[in-house]
Colleague: 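One structure coming up, written as structure tokens, with questions to follow.
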There are 2 protein chains.
Amino acid sequence: MQKRSEISSGAVADLTQATRLLLDDFLPYRLSFTSNLVSEAIARAYEALFGLRIPEWRLIAVIAEHDGITQQAIGLRTRMDKVTVSRAAVSLTERGLIERRPNPEDRRSHLLVLGPTGRRLYAEIVPKALELEARVFGAFTQAELDFFQSMLRRIEKIAGS
Amino acid sequence: MQKRSEISSGAVADLTQATRLLLDDFLPYRLSFTSNLVSEAIARAYEALFGLRIPEWRLIAVIAEHDGITQQAIGLRTRMDKVTVSRAAVSLTERGLIERRPNPEDRRSHLLVLGPTGRRLYAEIVPKALELEARVFGAFTQAELDFFQSMLRRIEKIAGS
DNA sequence: CGAAGGTAGTTTCAATTGATACCATGCTAT
DNA sequence: ATAGCATGGTATCAATTGAAACTACCTTCG
């Protein structure tokens, strides 16, 4: 397969060249493509195993890691819309997985904590999540994974500003 | 920041450990997070610059690269839903950017080609797209980018089956 | 104080998405 | 040939999403 020339070089000049095969090597596209593939697989698994949708699972994870966090802090951290966070929080509360405690410092907000049931569920989820991760990323060396992680974070820094 | 242990090792055993900081280093999450960040930036730019949504821009790119492709082939190649492809094709036809020729080999399908206007637009889009790409990925060396690409493709192979 | 403006979270609504059903055409086997 | 099943593409509908308006509370400043 032919390779596109370097991104930052003057590759653009030769339109005939650029006209062929832009999309396949276009990194934003490639990244989105791969991410969707992985996300779909994960989403299906969570839905089937625990009846959780992605935002719900993320809330559980974040709350488990940061007990008593507020919804808006979750939004900041995960970049989920506050509406999405709100809906997931309501749904998880209804299912008895999390509790919303009043925030003594600000009565507009709630502090979210896992209830006993939620904590138990989380303990079930974690190994399963790692297993799913390993199914996709288990074939790579630790060095490759570290590098991949660090690249993702560098990209985030650049794109997120 | 504490680092999670290796994926494929028995890290799961220590729940106290796993209970902290699962999400931030969880690769499917990280991947989706980064991808969304980049996609949003790109989508905004295309919308603002050319009035194109992502599926439409993808169609244009694929058609430019594969003149006379059918909708279903586009769906296969890009993993876009056939409904999404259909809508984008209709919209682009209405805007006079592409033409749908009858397929002599199968009267159910159309062969999509860029019209003159579409071709001109594509010629404008390409350099802009490369520029956007460079804005996010320009800080990396070619070796890093190649490696990143190849990892994405390996991940696709594993997750896409 | 209390008016003015800001923020946490929810509700509402419109847009986007994808599953499903559907139509027209194509293919295969009798 | 034609009956029966498969496929390209479109239409319909229900679910998901996020923008904007709204409510309740908080903060600042005259």
Side-chain angles (χ1 to χ4, degrees), chain A residues 32-33 35-37 39-44 46-48 51-59 62-63 66 68-95 98-113, chain B residues 32-33 35-37 39-44 46-48 51-59 62-63 66 68-95 98-113:
Chain A
S32 156
F33 188 95
S35 167
N36 287 344
L37 221 54
S39 289
E40 278 161 29
I42 302 277
R44 264 194 306 275
Y46 283 153
E47 175 68 47
L52 290 176
R53 279 168 270 137
I54 292 284
E56 292 167 357
W57 132 254
R58 284 187 183 170
L59 249 73
V62 175
I63 296 170
H66 304 88
I69 194 174
T70 63
Q71 292 186 190
Q72 91 107 216
I74 295 176
L76 275 184
R77 168 170 285 272
T78 61
R79 289 218 151 215
M80 284 192 282
D81 194 272
K82 64 181 181 169
V83 179
T84 309
V85 174
S86 170
R87 281 193 271 248
V90 168
S91 152
L92 291 175
T93 306
E94 280 168 359
R95 290 173 54 181
I98 68 174
E99 288 168 29
R100 316 175 99 175
R101 305 243 173 94
N103 181 353
E105 287 174 6
D106 188 337
R107 265 177 297 171
R108 290 169 302 179
S109 73
H110 315 279
L111 302 182
L112 307 186
V113 297
Chain B
S32 155
F33 189 95
S35 167
N36 288 343
L37 221 52
S39 289
E40 278 161 29
I42 301 275
R44 264 195 306 276
Y46 283 152
E47 175 68 47
L52 290 175
R53 281 169 269 137
I54 293 283
E56 291 166 359
W57 131 255
R58 284 186 183 170
L59 247 72
V62 175
I63 296 169
H66 306 276
I69 194 174
T70 64
Q71 294 187 191
Q72 90 108 216
I74 295 176
L76 275 183
R77 168 170 284 271
T78 61
R79 287 219 153 217
M80 284 192 282
D81 196 273
K82 64 179 181 170
V83 179
T84 309
V85 174
S86 171
R87 280 194 273 248
V90 168
S91 152
L92 291 175
T93 306
E94 281 168 358
R95 290 175 54 182
I98 67 173
E99 288 168 28
R100 316 176 100 174
R101 305 245 172 93
N103 181 352
E105 287 173 7
D106 187 338
R107 264 177 298 172
R108 290 169 301 180
S109 72
H110 314 280
L111 302 182
L112 307 185
V113 298

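Chain letters run A, B, ... following the sequence lines, proteins first and then strands; every chain starts at 1.
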Colleague: Would you call A/Gln72 and A/Ser109 a side-chain contact if the rule is heavy atoms closer than 4.5 Å?
Modeller: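 They are not in side-chain contact.
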Colleague: Name every residue in residues 87-95 of chain B that has at least one heavy atom under 4.0 Å from any atom of DNA chain C, in order of residue number, or write none if there are no such residues.
Modeller: B/Arg87
Colleague: What integer distance in Å separates A/Leu111:CG from C/dG9:C1'?
Modeller: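 Interatomic distance, CG of A/Leu111 to C1' of C/dG9: 13 Å.
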Colleague: Measure from CD on B/Glu105 to P on C/dC27 and round the result to the nearest Å.
Modeller: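 To the nearest whole Å, that distance equals 10 Å.
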Colleague: Could you pick out which residue, A/Lys82 or B/Arg100, lies toward the 5' side of DNA chain D when each is mapped onto its nearest nucleotide?
Modeller: B/Arg100
Colleague: Round to the nearest Å and state the distance from B/Asp81 atom CG to C/dG18 atom P.
Modeller: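 About 6 Å, once rounded to whole Å.
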Colleague: Rounded to the nearest angstrom, tell me the gap between atom CD1 in B/Ile54 and atom P in C/dG18.
Modeller: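 Whole-Å distance recorded here is 13 Å.
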Colleague: Is there a side chain to side chain contact (heavy atoms under 4.5 Å, CB included) between B/Gln71 and B/Lys82? Walk through the geometry before answering.
Modeller: CA-CA 7 Å; B/Gln71 294 187 191; B/Lys82 64 179 181 170; over 6 Å; no
Colleague: May I ask you to decide if A/Ser35's main-chain N or O and A/Ser39's side chain share a donor-acceptor pair within less than 3.5 Å?
Modeller: yes
Colleague: Hey, are B/Thr84 and B/Arg58 close enough side-chain-wise for a donor-acceptor pair under 3.5 Å?
Modeller: no
Colleague: Determine, stepwise, if the pair A/Thr70 / A/Leu111 fulfils side chain to side chain contact (heavy atoms under 4.5 Å, CB included).
Modeller: CA-CA 5 Å; A/Thr70 63; A/Leu111 302 182; 3.7 Å; yes
Colleague: Ignoring the backbone of A/Ser86, work out which of D/dG9, D/dT7, C/dT10 is nearest its side chain.
Modeller: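 Within the option list, the nearest is C/dT10.
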Colleague: Check the distance between C/dG26's C1' and B/Arg108's CZ and give it to me in whole angstrom.
Modeller: 5 Å
Colleague: Tell me which of B/Glu40 and B/Gln71 sits closer to the 5' end of DNA chain D, going by the nucleotide each one is nearest to.
Modeller: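 Nearer the 5' end of the strand: B/Gln71.
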Colleague: Does the side chain of B/Thr84 get closer than 4.0 angstrom to OP1 or OP2 of C/dG18 through an N or O atom?
Modeller: yes
Colleague: Taking side chain as C-beta onward, heavy atoms only, is A/Ile74 less than 4.5 Å from A/Ile63?
Modeller: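 Side chain of A/Ile74 against side chain of A/Ile63, heavy atoms only: contact under 4.5 Å found.
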Colleague: Does the side chain of A/Val90 reach to within under 4.5 Å of the side chain of A/Arg100, using non-hydrogen atoms?
Modeller: yes
Colleague: When the distance from CE of B/Met80 to P of C/dT16 is rounded to whole Å, what number comes out?
Modeller: 16 Å
Colleague: To the nearest 10°, give me the bend of the helix from C/dC1-D/dG30 to C/dT30-D/dA1, comparing the axes of its five terminal pairs at either end.
Modeller: 10°
Colleague: Please determine whether any donor N or O and acceptor N or O are separated by less than 3.5 Å between the side chain of B/Arg107 and the base of C/dT25.
Modeller: no
Colleague: Drop me the distance from A/Ile69's CD1 to A/Leu112's CG, to the nearest 0.5 angstrom.
Modeller: 8.0 Å
Colleague: Nearest heavy-atom pair of B/Val113 and B/Gly68: which atoms, and what distance?
Modeller: CG1-N, 3.7 Å
Colleague: C/dT10, D/dC26, D/dG9: which one has an atom nearest the side-chain heavy atoms of A/His110?
Modeller: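 Out of C/dT10, D/dC26, D/dG9, the nucleotide with an atom closest to A/His110's side chain is C/dT10.
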Colleague: Could you tell me how far apart A/Glu47 (CD) and D/dT16 (P) are, to the nearest whole angstrom?
Modeller: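 Answer to the nearest Å: 9 Å.
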Colleague: To the nearest Å, give me how far apart CD1 (A/Ile74) and P (C/dT7) are.
Modeller: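 Interatomic distance, CD1 of A/Ile74 to P of C/dT7: 19 Å.
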Colleague: Nearest of D/dA11, C/dT10, D/dA6 to any side-chain atom of B/Val83?
Modeller: D/dA11
Colleague: Do any N or O atoms from the side chain of A/Thr93 and from the backbone of A/Ala89 form a donor-acceptor pair under 3.5 angstrom?
Modeller: yes
